[in-house]
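Indexing begins at 1, ligand by ligand and atom by atom, following the structure's order. Here, residue 1 is the first one in the sequence, and each next residue gets the next number.
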Amino acid sequence: MQIINTVSALRLALKNQENIAFVPTMGNLHAGHIHLVTLAKQKAECVVVSIFVNPLQFGANEDLASYPRTLQADCEKLKAAGASIVFTPTVLEMYPDFDGVNLNQTMSIALPSIANELCGTSRPGHFSGVATVVLKLFNMVFLNGVQRATAVFGQKDFQQLFVIKQLVKQFNLPIQIIAGETVREASGLAMSSRNGYLTKEQRQQASQLNAILQNIVVKLKAGHAEFDRLEQEAGATLNEQDWMVDYISIRSAITLSRANGSDSHLVVLAAAKLGNTRLIDNIEFLR
Ligand code: PAF
């Protein structure tokens with residue numbers, strides 16, 4: 001496994017590869033990421049994993065500075081999982097116009113209004129930052145005359161996956177996007193790099209987020225049609241248990257717009273804070 005940190009070295013290493021599968025990450029890897037690498041390996045012999053904590057997708061008061069950086073442990077896990085290349089660029093390598101203070105000179109992608117809903121409401125600019133870095137990474141990994149290009153993203157970040165699929169469709173990128181199922185702890189808690197911020201007690205309590213979503217799914221499958229009420233009741237239940245709910249929302253899994261009675265392919269999504277830790281989860285299902 002090669003560890004590469006410049007775009008020129010990456011392009012050189014990938015020059016003759018005709019089939020590449022790519023897994024973009026921000027590091028601090030857990031079993032969910034390794035599952036994505038396993039899926040990537042089923043698609044291509046050459047698997048590239050990027051580790052880059054992207055400043056463009058963090059808000060001013062978010063955890064950019066404290067986001068866990070665990071490169072050595074990550075590389076060991078990726079080697080064991082069979083990755084071919086780990087790409088770990090610096091901020092300046094990714095954003096050559098970065099002046100050391102801010103990224104104001106960086107070109108970014110303007111996204112449709114769905115990027116301002118759900119997580120986009122409390123994280124303005126987040127998905128534009130994600131789409132911009134992912135497009136740049138795609139250009140770095142795949143613009144080598146590659147014949148078959150696959151990129152793998154986790155379903156836990158459902159709205160992110162939706163934005164990336166739109167990016168690929170609307171910018172005509174010849175890249176197949178594969179969604180990797182959410183990997184969960186035994187309690188139901190979705191694996192996330194941010195779970196490490198939780199205290200032992202909070203980690204036990206954190207499974208309530210998935211449980212409340214499961215509860216909504218059961219009710220929807222049983223025919224409940226008052227979506228607003230289900231969302232509000234679930235939110236109130238969590239808030240009573242010391243969560244600070246950002247949103248709980250029942251959406252069409254196809255368009256991500258608010259679900260109506262005729263939608264049968266649904267996703268119920270939630271974001272909520274436990275202490276200072278913001279967690280997200282979702283369940284996609286047919287009814
Ligand atoms: O999901 C993530 O880890 C990040 O948002 C991504 C896709 C690597 C872009 O920075």
Side-chain angles (χ1 to χ4, degrees), residues 5 7 10 21-37 39-40 47-59 62-71 74 77-78 81 83 85-91 93-95 98 103 106-109 111 114-115 118-120 122-142 149-168 171 173 175-183 190-197 269 271 277-282:
N5 36 45
V7 179
L10 180 69
F22 174 46
V23 183
T25 81
M26 297 206 300
N28 194 228
L29 304 180
H30 50 68
H33 295 110
I34 300 307
H35 175 56
L36 304 183
V37 175
L39 292 178
V47 171
V48 179
V49 179
S50 64
I51 297 181
F52 178 64
V53 182
N54 173 34
L56 207 60
Q57 69 188 73
F58 286 79
E62 294 184 352
D63 56 345
L64 173 62
S66 58
Y67 197 86
R69 283 139 169 108
T70 52
L71 185 60
D74 291 347
K77 289 177 191 168
L78 290 173
I85 292 177
V86 182
F87 179 50
T88 61
T90 60
V91 175
E93 185 69 14
M94 284 303 290
Y95 298 113
F98 177 56
L103 288 159
T106 292
M107 230 181 242
S108 60
I109 301 179
L111 297 183
I114 189 66
L118 301 168
C119 284
S122 56
R123 305 190 71 189
H126 169 69
F127 289 110
S128 171
V130 170
T132 302
V133 81
V134 168
L135 181 61
K136 285 169 73 74
L137 288 165
F138 282 173
N139 288 338
M140 293 165 186
V141 172
F142 293 131
T150 307
V152 191
F153 292 82
Q155 223 165 348
K156 198 205 80 174
D157 298 289
F158 196 91
Q159 190 178 10
Q160 168 172 286
L161 179 63
F162 182 84
V163 166
I164 300 300
K165 284 180 179 165
Q166 287 295 317
L167 176 81
V168 164
F171 285 177
L173 304 175
I175 299 169
Q176 185 190 16
I177 301 297
I178 305 274
E181 248 180 66
T182 303
V183 177
M191 293 214 178
S192 161
S193 298
R194 289 189 170 97
N195 289 353
Y197 296 151
L269 309 103
T277 308
R278 187 174 183 279
L279 300 175
I280 60 172
D281 200 354
N282 69 80

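- The neighbour count for Glu181 CD, taken as heavy atoms of other residues, nucleotides or ligands under 6.0 Å away, does not exceed 12.
- Close contacts between ligand 1 and Pro24 involve ligand atoms 8 (C) [criterion: under 4.0 Å to a heavy atom].
- Considering Met94, Met26, Gln57, His126 only, the shortest heavy-atom separation from atom 10 (O) of ligand 1 involves Gln57.
- The backbone N or O of Arg123 sits nowhere less than 3.5 Å from a side-chain atom of His126 that would complete a donor-acceptor pair.
- Atoms of ligand 1 lying under 4.0 Å from any heavy atom of Val133, numbered from 1 in the order shown and given with element: 9 (C), 10 (O).
- Remark: the Asn54 side chain and the Tyr95 side chain contain an N/O donor-acceptor pair separated by less than 3.5 Å.
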Derivation of the salt bridge (charged side-chain N to carboxylate O under 4.0 Å, His left out) call for Asp63 and Arg194: CA-CA 10 Å; Asp63 56 345; Arg194 289 189 170 97; 2.8 Å; yes
Test log, rule side-chain contact (heavy atoms from CB on, under 4.5 Å), inputs Val49 and Ile85: CA-CA 6 Å; Val49 179; Ile85 292 177; over 6 Å; no
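- By the criterion of a heavy-atom distance under 4.0 Å, the backbone of Thr25, and not its side chain, is placed next to ligand 1.
- In summary, the atoms of ligand 1 found under 4.0 Å from a heavy atom of Gln160, numbered by their order in the structure, are 1 (O), 2 (C), 4 (C), 5 (O), 7 (C).
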